[in-house]
Amino acid sequence: MRTNAALNAARFAVVGLAAAGTTTLGQTTKVATVSDADAEIAGMLTITDGPARSPAVADDAGNGHRAINQVPGFPISIGKHPNFAPFRGTVLADIDGQPGLEILQSGTDGRLHAWHNNGTPVAGFPVVTTGFPQYPPSVADLDGDGDAEIVFSTRGITSGGRLYALDNTGAPLAGFPISISNRNVECSPVLYDLDGDGQLEIIAQTRAYPIGYIHVFEMNGTEWGGNWPFAMSHVPTCTPGIADIDNDGQPELFTMSYDQMYLLNADGTPESGWPQGIANGNFSYQSPALADLDGDGDLEITIACHKDAAGTYVFQHDGSLMSGWPQPFDTWSYGAPTVTDLEGDGELEIIAGQAGIFFGYSDCFWVWDTDGNTRAGFPYPDPVNGGGSEGPMTVADIDGDNTLEIFADHNIMASDMGYLYGVDAAGNDLPDFPLRPHGFTYLNSATVADVDGNGTYELAVLSYYDGGCDVNLYTLPGSYTLTGREWPTYHARNTHDGLYAPADGCYADFNGDGDVNTQDVLAFLNAWAADDASADCNGDGSVNTQDVLCFLNAWAAGC
């Protein structure tokens, strides 16, 4: 394991190369970094010049010859704060109840943006905010009335943030926005029914440097008391994960401050064995993945760590490390791990990335089995640019072969074009990948969904540069298969709870009789008409027309 000094040296080595006056003619490179979560001003973007590269090794700087093109009306350019870029990507969700998904983007220009899939703005958007949104909004039907709500956080430089909750027209819900002592509200809120009353609560975190708090709000803006808000030892650094982690029939919440990990009951009391830290390790912007990795009925907690103990860790709910973990990185990581079953064989995989070395050959991201063995074909490297992948790793079956593909960001830009990697389960580049949007994809990565309901996936990715941001929406070729094993967006789904929850059995067998037939269509349509949550086929937190298309695709495929 490298020392902290070596990690910093590797992370910023390119700055020294640029300062040395590299004069090789050819493709110019730039590197994106952000300030650590414990900095007085956290998440502040720095873009530095990297070494020029010879044209002999310069790769395609555009997308003109490629088969993967953007949806008409995209990319859409939005503004950006001079010192801050959006983190963790774009949200695809149905917010208007009409056919097709909308594209939602937090903007550090002080706006929450939303467009239809033809690129026209949704009525009522953009919403101008106090403070600026940096993390993706969370979207779900909070009260079960059939309409989606949109919940998101904002921040200022060191204070001035708010917690927002909007209806699907962009109007604030009664009681919102909320100022929590004028603190910055950190990361994406999580939407989860903590008390079992059929309505989703809003779990949010505030930064009160040098500590932080976890809060629980109802959708009318009232805050839970008792042990809430819960005070953490340091500033909050992740979007929490929430599920029944210890298999006791009640939900638990896992989150991290800069120096501690917490597992809390729904009443705000810590579980036995928590909190705890990692010696010589800290947390910044990583978020947990929750999954039953060992098949024992409870959930394990997968996280990444940086500084001298940089690596991927897997913890049992009692706080003990799972056998085979941690797995070290070469450099530190702000990455958010993903858990999935790439091939549908019942064996889970863990995917996570690192910052990498910023010149020459560098490993970007790994795939491990649950015992910590590296999968053949990984780690995935960039042998030319160097750098790494610290955005959310997302997976979806984009070609209909029932095996998931992997998508990852990159922290280097060459000739003003960034990289969005797409690889198969063996680590091979997908045809026409990497995509090359204008600007960095760093800390964002892909969101994948069938936006227009035509049976092919679209891929959304945010990219940014000195003057602004682009919201990119690519049409992916071929027909997809909805496997139930997808992790298609930041923190698994639009409620951002971080749980890997594969669909049991065959979704098209809606009535569970072991056969896919017309009875399943009738059963599904009855559930859909009743707005039953079981009819949320695409897992976007809302029962809508997209679910009908999703079900019919699964039914036609017999899966």
Side-chain angles (χ1 to χ4, degrees), residues 37-38 186-190 192 194-195 201 203-208 210-216 224-294 296-307 309-327 333 336-337 339 350 352 370 491-492 496-500:
D38 75 332
E186 296 289 318
C187 307
S188 293
V190 181
Y192 195 95
L194 280 176
D195 57 7
E201 279 71 51
I203 296 88
Q205 298 173 120
T206 57
R207 179 183 173 97
I211 66 169
Y213 294 90
I214 312 167
H215 307 257
V216 181
W224 282 19
N227 296 308
W228 303 102
F230 182 90
M232 294 186 283
S233 62
H234 211 308
V235 294
T237 58
C238 78
T239 296
I242 305 179
D244 181 4
I245 295 174
D246 61 4
N247 197 28
D248 67 350
Q250 300 296 321
E252 289 80 36
L253 179 153
F254 179 88
T255 193
M256 297 182 286
S257 70
Y258 187 71
D259 58 6
Q260 293 282 299
M261 301 174 289
Y262 297 85
L263 185 61
L264 306 176
N265 295 301
D267 64 1
T269 57
E271 283 265 298
S272 177
W274 304 89
Q276 63 172 289
I278 294 176
N280 302 313
N282 290 102
F283 311 104
S284 292
Y285 318 121
Q286 306 97 343
S287 293
L290 309 177
D292 184 2
L293 295 175
D294 56 11
D296 64 354
D298 59 16
L299 303 180
E300 282 68 52
I301 303 158
T302 303
I303 57 107
C305 180
H306 70 293
K307 292 292 181 72
T312 299
Y313 293 71
V314 179
F315 291 93
Q316 306 279 0
H317 70 80
D318 63 2
S320 61
L321 274 169
M322 186 169 164
S323 177
W325 301 90
Q327 291 298 319
S333 176
V339 174
I350 295 169
T370 55
H491 228 211
H496 294 137
D497 56 29
L499 172 65
Y500 174 66

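In this chain, residues are counted from 1 in sequence order.
Legend: residues meeting side chain to side chain donor-acceptor pair (under 3.5 Å) with Asp267, ordered by chain and number and at least two apart, are Thr269. For the side chain to side chain donor-acceptor pair (under 3.5 Å) test, residues two or more places apart in sequence or in another chain that qualify with His496 are Ser138. In this view, Phe230 and Tyr262 satisfy the ring-ring contact (aromatic ring centres under 6.0 Å, His included) rule, not counting sequence neighbours. Listed by chain and residue number, nothing satisfies the side chain to side chain donor-acceptor pair (under 3.5 Å) test with Glu186 (two or more places apart in sequence, or in another chain). Under the side-chain contact (heavy atoms from CB on, under 4.5 Å) criterion, Ala37 pairs with Thr237, Tyr258, Ser284, Tyr285, not counting sequence neighbours. Residues passing the ring-ring contact (aromatic ring centres under 6.0 Å, His included) test with Tyr500, sequence neighbours excluded: none. Scanning for side-chain contact (heavy atoms from CB on, under 4.5 Å) contacts around Pro210 gives an empty result, with sequence neighbours left out. Scanning for side-chain contact (heavy atoms from CB on, under 4.5 Å) contacts around Asp195 gives Asp193, Asp197, Glu201, Glu218, Trp224, with sequence neighbours left out. Partners of Pro251 under the side-chain contact (heavy atoms from CB on, under 4.5 Å) rule, at least two apart in sequence or in another chain, are Tyr192, Leu194, Ile242, Ala266. Scored by the side chain to side chain donor-acceptor pair (under 3.5 Å) test, Asp259 finds Ser233, Ser257 as partners (sequence neighbours excluded).
Within the 4.5 Å cutoff, the side chain of Asn247 has no heavy atoms near those of the Asp292 side chain. Taking the side chain as every heavy atom from C-beta outward, Asp497 and His491 never approach each other to under 4.5 Å. The closest side-chain heavy-atom distance from Pro229 to Gln205 is not below 4.5 Å. Contact annotation: the side chain of Trp325 never approaches that of Leu293 to less than 4.5 Å [non-hydrogen atoms, C-beta and beyond]. Contact of the Met232 side chain with the Ile214 side chain is registered, since non-hydrogen atoms from C-beta on lie closer than 4.5 Å. Looking at Phe315 and Ile245, their side chains never come closer than 4.5 Å, going by heavy atoms from C-beta outward.
Residue Met261 comes nearest to Phe283 through the heavy atom pair CG-CZ, 3.6 Å, listed as atom of the first residue, atom of the second, then distance. Between Leu264 and Gly268, the shortest heavy-atom distance links the atoms CD2-O, 4.2 Å. Minimum heavy-atom separation, Cys238 to Pro288: SG-CD, 4.0 Å. The two residues Tyr313 and Cys305 come nearest to each other via the heavy atoms CE1-CB, 3.7 Å.
Put simply, the side chain of Glu300 never gets that close to the backbone of Met322: no donor and acceptor are under 3.5 Å apart. Panel note: side chain Gln286, backbone Ser333; a donor-acceptor pair is recorded below 3.5 Å. Of the possible donor and acceptor atoms, one in the side chain of Thr239 sits under 3.5 Å from a partner among the backbone N and O of Ser188.
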Requested in this report: Assess whether side-chain contact (heavy atoms from CB on, under 4.5 Å) is satisfied between Gln316 and Asp294, documenting all intermediate values.
Outcome: CA-CA 10 Å; Gln316 306 279 0; Asp294 56 11; 3.4 Å; yes
Query raised in the report: Can you check side-chain contact (heavy atoms from CB on, under 4.5 Å) on Thr312 and Thr302, steps first, answer last?
Result: CA-CA 7 Å; Thr312 299; Thr302 303; 3.8 Å; yes
Query raised in the report: Ile303 and Ile278: side-chain contact (heavy atoms from CB on, under 4.5 Å), yes or no, with the steps?
Result: CA-CA 11 Å; Ile303 57 107; Ile278 294 176; 4.0 Å; yes
Report task. Could you walk me through whether Ile203 and Leu253 pass side-chain contact (heavy atoms from CB on, under 4.5 Å), step by step? Result -> CA-CA 9 Å; Ile203 296 88; Leu253 179 153; 3.5 Å; yes
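Residue His317 is tested with Asp248, Asp244, Asp298 for a side chain to side chain donor-acceptor pair (under 3.5 Å); the sole match is Asp298.
In this structure, CG in Leu263 is found 12.5 Å from CE in Met256, a value given to the nearest 0.5 Å.
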